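Before any comments, here is the structure.
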There are 2 protein chains.
Amino acid sequence: MEKLKKNRRTYLILRDVIAEKIASGFYQANQRLPSERELAEELQTTRLTLRDALFQLEIEGKVFRMDRRGWYVSGKRLSFDIGLDKGFMTNVSDQGYIPTTELIFCEEEAASGMLAEALNITKGDPVYHIQRKRSINNRPVLIEDIYLDLSRYPGLHHANLDSSLSVVLADIYGIKVKYSDIQITPIAFNDLHAKSLHVSPGTPGTLITRTSYDADCKVMEFDQEYWLSDVLRVELRTSNKY
Amino acid sequence: MEKLKKNRRTYLILRDVIAEKIASGFYQANQRLPSERELAEELQTTRLTLRDALFQLEIEGKVFRMDRRGWYVSGKRLSFDIGLDKGFMTNVSDQGYIPTTELIFCEEEAASGMLAEALNITKGDPVYHIQRKRSINNRPVLIEDIYLDLSRYPGLHHANLDSSLSVVLADIYGIKVKYSDIQITPIAFNDLHAKSLHVSPGTPGTLITRTSYDADCKVMEFDQEYWLSDVLRVELRTSNKY
DNA sequence: AAGTGGTCTAGACCACGTC
DNA sequence: ACGTGGTCTAGACCACTTG
């Protein structure tokens with residue numbers, strides 16, 4: 001590797017060099033890259049400049065980090081059709097990946113003002129808060145917070161929450177989603193959520209917020225999904241309004 | 001400003017200090033922050049660490065950069081309801097901001113393979129390519145590429161493309177959008193698009209791709225919008241499927 | 001012309017993951 | 001215990017924007 005020019009966007013050149021090695025298959029999907037010090041030496045540059053190049057590739061979704069574990073080559077993005085209510089597990093396995101869900105906690109708590117508004121209840125009312133971590137091929141890719149109006153779902157504590165919640169609500173309570181209001185916001189992971197996903201605080205994320213309504217147009221659940229941006233592509237078809 | 005501890009995520013502390021000054025109104029929306037060197041001195045740190053803090057705030061959407069011009073405090077995000085086909089101009093002005101559109105170019109070109117597929121025509125067929133830059137309160141926030149099957153829209157060259165394209169298509173050709181297929185993908189700005197928006201290459205962006213269909217379910221247009229992530233929140237309601 | 005942000009150098013120590 | 005990535009220092013020059 002010959003010496004590159006100084007002070008002239010070296011990191012963009014390095015970015016392209018590494019991107020090319022990924023495109024050509026020299027580095028394979030999900031493979032760990034050599035250590036930063038090795039790569040920097042191989043490319044005749046400093047660690048700092050090399051890291052700039054890797055950050056670029058990270059934002060582009062071509063590599064990802066596991067905090068303090070190293071850099072890995074990203075796989076294909078998950079295509080997430082938000083109009084179908086397919087659920088995470090089905091959606092991921094349909095695309096040939098292995099999904100897993102881990103329940104982090106579920107507990108009763110008093111509704112905050114924001115939650116009360118979202119669930120259309122009174123502040124301080126009991127809500128059921130479920131937090132789950134979901135992975136694709138063993139890589140954690142999203143943290144999900146689900147909030148339910150506890151008075152609507154007596155005995156929910158006993159249900160198995162590792163799989164699809166909508167199946168549970170349909171089977172036990174006979175309640176199905178009619179439609180949902182959804183917000184998609186680009187965000188940065190905060191320190192807590194970042195830690196859960198083994199990434200650095202500030203990693204680019206996509207927050208998908210969903211308020212689901214049942215056949216009576218009553219709020220069924222309020223849901224916040226914090227996705228790592230590089231794994232995701234959202235798809236949808238607008239409804240026909242004519 | 002007292003001296004902070006070494007080697008201990010100083011930049012996260014600095015991030016919070018600056019975020020607090022923004023939240024408290026000490027720094028107002030759209031105001032330019034002091035120069036990096038000034039801020040670093042004021043906060044008793046190095047420019048590099050200070051920049052780490054600013055990058056964090058950038059990913060969080062709390063500040064933004066104009067390339068080589070400095071750091072600015074972000075305003076409220078634009079809420080973009082993707083189900084309504086309100087159009088950029090109306091949408092922005094409804095939320096109290098001033099929208100502008102600048103035509104960068106429009107030209108006839110031969111369809112690439114990808115385009116031919118999207119427009120359901122044959123590779124090499126003539127397409128009309130329109131590129132526009134759109135701004136909110138004078139800040140450029142998105143680059144838009146529109147592709148049209150030229151054989152469907154004879155004489156399109158003469159139309160005024162500064163305003164709404166859908167209005168043009170409806171008024172002149174009597175064609176209206178029935179539904180659209182949409183993809184939302186987190187991306188990084190490439191060097192070209194970054195330059196157009198006065199941001200650095202690699203700035204986080206959101207690509208919204210839209211294929212619009214008319215009443216006969218024929219493709220009307222294919223559209224790629226490259227948004228700066230920090231200005232945007234996408235909203236939608238899933239269609240009722242029961 | 002001055003000042004700014006953008007990039008880069010050549011180191012260093014720390015906390016954590018892995019063995 | 002070792003190596004890794006994460007963070008930080010104290011500079012420097014360049015390209016560009018602004019006055």
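Since we're looking at a predicted model, the values are computed, not measured. So that the names make sense, note that chain A is the first sequence line, chain B the second, and so on, each numbered from 1.
- Considering only side-chain N and O atoms, A:Arg32 lies under 4.0 angstrom from the phosphate OP1 or OP2 of D:dG5.
- The nearest whole Å value for the distance from the CZ atom in B:Phe55 to the P atom in C:dT7 is 8 Å.
- Here A:Arg9 does not pair with B:Asp191 in a salt bridge; the nearest charged N to carboxylate O distance is not below 4.0 Å.
- Residue B:Thr45 has a polar side-chain atom (N or O) positioned under 4.0 Å from OP1 or OP2 of D:dT9.
- Along DNA chain C, the nucleotide nearest to A:Tyr72 and the one nearest to A:Leu12 differ in position, and the one closer to the 5' end is contacted by A:Leu12.
- Counting to the nearest Å, the C1' atom of D:dC16 and the CZ atom of B:Arg68 are 5 Å from each other.
- Contact annotation for A:Asp52: no contact, since no heavy-atom pair falls under 4.0 Å across all strands.
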Can you give me every donor-acceptor pair (side chain of residues 18-26 of chain A, partner residue at least two apart or in another chain, under 3.5 Å) with its distance?
unit_1  : atom_1 : unit_2  : atom_2 : d
A:Lys21 : NZ     : A:Glu42 : OE2    : 2.8
A:Ser24 : OG     : A:Glu20 : O      : 3.3
A:Ser24 : OG     : A:Lys21 : O      : 3.2
A:Ser24 : OG     : A:Phe26 : N      : 3.4

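- B:Arg77 places a side-chain N or O within donor-acceptor distance of the main-chain N or O of B:Ser229, the cut-off being under 3.5 Å.
- Put simply, the side chain of B:Arg47 and the base of C:dG6 share a donor and an acceptor less than 3.5 Å apart.
- Side-chain N/O atoms of B:Arg15 include none lying less than 4.0 angstrom from OP1 or OP2 on D:dT7.
- Annotation: of the two residues near DNA chain C, B:Ser200 and A:His198, the 5′-most nearest-nucleotide partner is B:Ser200.
- One can find a donor-acceptor pair under 3.5 Å joining the base of D:dG5 and the side-chain atoms of A:Arg37.
- At the heavy-atom level, A:Thr49 lies under 4.0 Å from the strands shown only through sugar-phosphate atoms.
- Under 4.0 angstrom from either OP1 or OP2 of C:dT9 there lies at least one side-chain N or O belonging to A:Thr46.
- With sequence neighbours excluded, no residue satisfies side chain to side chain donor-acceptor pair (under 3.5 Å) with A:Asn190.
- Judged by distance alone, the side chains of B:Glu58 and B:Trp71 never bring a donor and an acceptor atom under 3.5 Å apart.
- In this entry the distance linking CE of B:Met66 with P of D:dA15 reads 22 Å, nearest Å.
- Counting non-hydrogen atoms under 4.0 angstrom, A:Arg69 reaches the backbone sugars and phosphates but no base.
- In this structure, A:Leu39 places its CG atom 11 Å from P of D:dT4, rounding to the nearest Å.
- The CG atom of A:Leu48 sits 13 Å away from the C1' atom of D:dG5 (whole-angstrom rounding).
- Counting to the nearest Å, the C1' atom of C:dC8 and the OH atom of A:Tyr11 are 12 Å from each other.
- For the OP1/OP2 pair of D:dC8 and a distance below 4.0 Å, the side-chain nitrogens and oxygens of B:Thr10 include at least one atom meeting the criterion.
- Among B:Lys133, B:Arg134, B:Arg132, the single residue meeting the side chain to side chain donor-acceptor pair (under 3.5 Å) criterion with B:Thr101 is B:Arg134.
- Backbone-only engagement by A:Arg65 is indicated by non-hydrogen atom pairs under 4.0 Å involving sugar-phosphate atoms exclusively.
- Across the protein-nucleic acid pair, A:Glu38 atom CD and D:dG5 atom P stand 8 Å apart, rounded to whole Å.
- Among the atoms of the strands shown, only primed sugar atoms or phosphate atoms (P, OP1, OP2) are found under 4.0 Å from some heavy atom of A:Ser35.
- One can place CG of A:Leu50 at 14 Å from P of C:dA10, the figure rounded to the nearest angstrom.
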